[in-house]
Amino acid sequence: MSMVSSCPSSVKRSTRAALAVALFSSVLWMTAAQAGPLSIALPGERAFPESITSARDGTLFVGRLGEGGIVRADPRTGAAAVFVAPGAAGSRSITGVFSDEASGTLWACSNDLSALGGPSSSGDSHSALKGFDLITGAAKRSVPLPEPHPFCNDIAVDAGGAVYVTDSANPTVLRLLAGASGFEVFATNPQFAPPQPNSAGLDGIAFGGDGALYVTTYAAGGFFRIAVENGRAGRVIKLQGRALGLPDGLRPLGRKSFLLVEGAGTLDRVVVDGDGFRVAPLRDGFRTPTSVTRVGSVAWVSEGQMPLFFDPARKGESPALPFRIYAVPLNKGKSQ
């Protein structure tokens, strides 16, 4: 016979109540510890975050258009600080970022946007892919994109260590093979071209569980699959589905699904079905979301407020500060 069962009923009730409170408090504490903050403030009054990526341990990295450099953030504590200094390795405005743990490299797209208010100190005047040490932030590589007038936007890496970037100014997906000194054209298609001069073409890029490479076109709202056959680009198919509003950052979610942000304001789950796709909005109301990354059962979204950077008519407006990245919990059905 236990001690509790031999006590008076009033004692049993009070003991059970105390145990229940303690257990409930413990559950709340563990839930809060696992959930972490719902958003993280980023340093910089003109940060204008453009892309976000994550390491296996959950560490977040965010590239900044307005002030350059890359911020590192802890999703458990909300702590955030500049990790790669503005101007490092000749970098300018940072667009795409990608955590490549196999090579220990944090890849970043750098573009000269000084005419729009981006970093104007000395640095590369051409578009380039930069490589930084994933642990220390030290510069490792700098590879210029081929002319004419390229714009390095976003990044993906394959199982062999080759790096793929979207060129928003030209209808090309570029590839940097492991150990190579320069880019090659991996895929090109007239449908990738910007719809008009000075608008954005290719943008988001990610490998699917089927081994194909998927890309978005920003201004035209397209979603494409590029078959990969023996290391070469195969057929390009424009996938059919509802109209997308400025599709931007793209990250793999499951074998046939992706996380996608639409610059029009939403984070979506996109499921590919044959030559078509379905879109399920996960959260709306963002002020120009620019990218997304997954940490376990949470999606982290960067909010760029991009019209205040790119639109000359709105240059006098102040962004809502601080700039933030946001956590969006994914339930089991939305994380597969």
Next item on the list: With sequence neighbours left out, write down each residue that passes salt bridge (charged side-chain N to carboxylate O under 4.0 Å, His left out) with Arg283, or none if nothing qualifies.
Entry: none
Closest approach of [X] and [Y], non-hydrogen atoms and distance?
| X | Y | value |
| --- | --- | --- |
| Asp203 | Thr166 | O-OG1, 2.6 Å |
| Phe258 | Val272 | CE1-CG2, 3.9 Å |
| Asp154 | Gly249 | OD2-CA, 4.3 Å |
| Arg72 | Ile135 | NH1-O, 3.6 Å |
| Ala169 | Pro150 | CB-C, 4.2 Å |
| Pro146 | Leu174 | CD-CD1, 3.6 Å |

Next item on the list: Would you confirm whether the ring centroid of Phe224 sits within less than 6.0 angstrom of the ring centroid of Tyr214?
Entry: no
With no hydrogens and no angle check, is any side-chain donor or acceptor of [X] less than 3.5 Å from a backbone partner on [Y]?
| X | Y | value |
| --- | --- | --- |
| Thr188 | Pro171 | yes |
| Arg287 | Gly304 | no |
| Asp268 | Val270 | no |
| Ser291 | Ser51 | no |
| Glu101 | Arg56 | yes |
| Arg251 | Val292 | yes |
| Thr217 | Gly222 | yes |
| Thr105 | Phe132 | no |
| Glu262 | Ala264 | no |
| Thr290 | Pro49 | yes |

Salt-bridge contact [X]-[Y] (side-chain N to carboxylate O under 4.0 Å):
| X | Y | value |
| --- | --- | --- |
| Arg225 | Asp275 | yes |
| Arg232 | Glu229 | no |
| Glu50 | Arg64 | no |
| Arg324 | Glu303 | no |
| Asp124 | Arg92 | no |
| Arg175 | Glu184 | yes |

Taking the side chain as every heavy atom from C-beta outward, state whether [X] and [Y] have any atom pair closer than 4.5 Å.
| X | Y | value |
| --- | --- | --- |
| Trp107 | Val143 | no |
| Leu244 | Leu260 | yes |
| Phe83 | Leu106 | yes |
| Leu42 | Pro322 | no |
| Val165 | Phe186 | no |

Item checked: Any residue meeting side-chain hydrogen bond (donor to acceptor under 3.5 Å, both in side chains) with Thr172, in chain and number order, not counting sequence neighbours -> none
Item checked: Those residues that, when tested against Arg141, pass side-chain hydrogen bond (donor to acceptor under 3.5 Å, both in side chains) (two or more places apart) -> none
Return the [atom1] to [atom2] distance between [X] and [Y], rounded to the nearest 0.5 Å.
| X | Y | atom1 | atom2 | result |
| --- | --- | --- | --- | --- |
| Asp100 | Ile155 | CG | CD1 | 10.0 Å |
| Thr216 | Leu250 | OG1 | CG | 6.0 Å |
| Ile40 | Ser302 | CD1 | OG | 12.0 Å |
| Phe98 | Cys109 | CZ | SG | 12.0 Å |

Note to self: Determine whether Ser110 and Lys130 satisfy the following criterion, side chain to side chain donor-acceptor pair (under 3.5 Å), listing intermediate values before the conclusion.
What the structure shows: CA-CA 7 Å; Ser110 169; Lys130 305 290 185 178; 5.3 Å; no
Check: Pick one: which of Arg278, Lys256, Arg255 meets salt bridge (charged side-chain N to carboxylate O under 4.0 Å, His left out) with Asp273?
Finding: Arg278
Over 12 foreign heavy atoms within 6.0 Å of [atom1], [X]:
| X | atom1 | result |
| --- | --- | --- |
| Asp57 | CG | yes |
| Arg242 | CZ | yes |
| Glu317 | CD | yes |

Next item on the list: Using the six-membered ring of Phe309, assess whether NZ or CZ of Lys315 lies under 6.0 Å from its centre and within 45 degrees of the ring axis.
Entry: yes
Margin query: Less than 3.5 Å apart, any donor N or O on the side chain of Asp248 or Tyr218 sitting next to an acceptor on the other?
Written below: no
Check: Taking it one step at a time, do Ile70 and Val62 satisfy side-chain contact (heavy atoms from CB on, under 4.5 Å)?
Finding: CA-CA 5 Å; Ile70 301 171; Val62 186; 5.8 Å; no
Item checked: Matching residue for Ser127 among Asn153, Asn111, Thr95, Asp112 - test: side-chain hydrogen bond (donor to acceptor under 3.5 Å, both in side chains) -> Asn111
